[in-house]
Amino acid sequence: MKHFKKKDFPVSNIRRFLEPGPIVLVSSAWKGKTNIMTMGWHMVMEFEPSRIGCYIWSENHSFDMVRNSKECVINIPTVDLATKVVGIGNTSGRDIDKFVEFGLTAAPGTKIRAPLIAECYANFECKLVDASLIKKYSLFVLQVVKAHAATSPRYPRTLHYRGDGVFMLSGPNTSRYRQLFRPEML
Ligand SMILES: Cc1cc2nc3c(=O)[nH]c(=O)nc-3n(C[C@H](O)[C@H](O)[C@H](O)COP(=O)(O)O)c2cc1C
């Protein structure tokens with residue numbers, strides 16, 4: 001098989017290869033105000049209970065909102081929301097009401113107070129279950145306590161950030177390798 005010819009690559013940029021998880025919108029509520037931020041740095045940490053780790057920069061307004069309220073919603077936007085996704089990531093809830101500014105609809109959650117974004121394909125209601133790594137790493141360990149997901153289209157056209165202003169759009173799917181999986185790994 002082919003060996004790739006390689007050059008030194010800046011260590012600080014390796015995230016470009018590791019970031020293809022979908023860009024998400026994190027919605028939160030605290031003291032009667034709501035907010036939204038754009039997020040790429042998240043990871044799945046466990047199936048059951050369903051846990052997600054997220055990096056939220058301490059300068060973001062969302063940092064205090066999620067830390068104080070101990071909850072948020074991870075919303076999955078599709079490509080038609082791309083302009084809003086960038087706008088939400090380039091403004092702060094300290095200055096504006098992002099639901100109003102970006103014309104998004106706040107729908108009530110069922111288990112938490114933070115609002116769902118109705119225009120997103122899926123919404124995961126999350127509780128902050130471990131705050132011990134926030135101070136050191138800005139790492140929020142969340143547990144998904146309720147999930148809402150559309151059924152059509154089956155595979156939403158999601159946005160995946162490559163850095164430097166470039167998005168990869170989710171594309172074709174293949175089940176060609178499915179038979180190679182151990183059933184419990186599916
Ligand atoms: C594509 C994209 C991905 C981003 N990913 C993250 C992230 O993973 N963590 C983070 O703290 N900020 C991330 N940001 C930056 C925040 O969305 C941005 O700082 C936002 O203005 C914070 O809003 P807030 O102050 O209302 O919380 C991202 C922005 C963009 C455009």
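Just so you know, these numbers come straight off a predicted model, no measurement behind them. Order of appearance sets the numbers: ligands from 1, and atoms from 1 within every ligand. Sequential numbering from 1 along the given sequence is applied to the chain's residues.
Tested against C72 for a side-chain contact (heavy atoms from CB on, under 4.5 Å), the candidates C126, S62, P115 yield a single pass: C126.
I56 places a side-chain heavy atom less than 4.5 Å from the side chain of M37. Side chains of E125 and V144 form no contact here, defined as non-hydrogen atoms less than 4.5 Å apart.
Nearest to atom 9 (N) of ligand 1 among the protein's heavy atoms is Y55 O, 2.9 Å. Here the protein heavy atom with the shortest distance to atom 21 (O) of ligand 1 is T91 O, 2.6 Å. For atom 14 (N) of ligand 1, the nearest non-hydrogen atom of the protein is T38 O, 3.3 Å. The protein non-hydrogen atom at the shortest distance from atom 18 (C) of ligand 1 is G89 O, 3.2 Å. Atom 8 (O) of ligand 1 has W41 N, 2.9 Å as its closest protein atom, hydrogens excluded (heavy atom only). For atom 26 (O) of ligand 1, the nearest protein heavy atom (residue, atom name, distance) is G93 N, 2.7 Å.
Residues R154 and P156 share a closest heavy-atom pair of O-CD, 3.6 Å. Here the closest non-hydrogen pair linking C120 and I76 is CB-O, 3.4 Å. Shortest non-hydrogen contact noted between A114 and V73 is O-CG2, 3.7 Å.
For K98, every heavy-atom contact with ligand 1 shorter than 4.0 Å involves the side chain, none the backbone.
Here atom 11 (O) of ligand 1 lies nearest to W57 when heavy atoms of F167, F140, Y161, W57 are compared. In this structure, of R162, E59, M39, H61, the residue bringing a heavy atom nearest to atom 24 (P) of ligand 1 is H61. Between the choices N60, I23, V166, the shortest heavy-atom distance to atom 12 (N) of ligand 1 belongs to N60. Nearest residue to atom 27 (O) of ligand 1 from S138, S62, S28, G163 is S62 (criterion: closest heavy atom).
The distance from atom NZ of K33 to atom OG of S69, rounded to the nearest 0.5 Å, is 14.5 Å.
Atoms of ligand 1 lying under 4.0 Å from any heavy atom of I56, numbered from 1 in the order shown and given with element: 11 (O). Of all atoms in ligand 1, numbered sequentially from 1 with element shown, those under 4.0 Å from a heavy atom of M37 are 9 (N), 10 (C), 11 (O), 12 (N), 13 (C), 22 (C), 23 (O), 27 (O).
Hydrophobic clustering, with ILVMFWY side chains joined whenever heavy atoms are under 4.5 angstrom apart, keeps I23 apart from M43. Following chains of ILVMFWY side-chain contacts shorter than 4.5 Å, one cannot reach V24 starting from L139, and the two form parts of different hydrophobic clusters.
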Next on the checklist: Checking S92 against N60 for the side chain to side chain donor-acceptor pair (under 3.5 Å) test, could you report, in this order, the C-alpha distance in whole Å, the side-chain angles of both residues, the deciding distance, and whether it holds?
Outcome noted: CA-CA 7 Å; S92 180; N60 287 348; over 6 Å; no

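Contact annotation: N35 has at least one heavy atom less than 4.0 Å from an atom of ligand 1. For the pair I88 and ligand 1, a heavy-atom separation below 4.0 Å is found.
Polar contact with ligand 1: absent for V86 (N/O pair, distance under 3.5 Å). Considering backbone and side-chain atoms alike, G40 places an N or O below 3.5 Å from some N or O of ligand 1.
The aromatic rings of F63 and F140 stand perpendicular to each other, their planes meeting at an angle above 60°, with 30° marking the opposite boundary.
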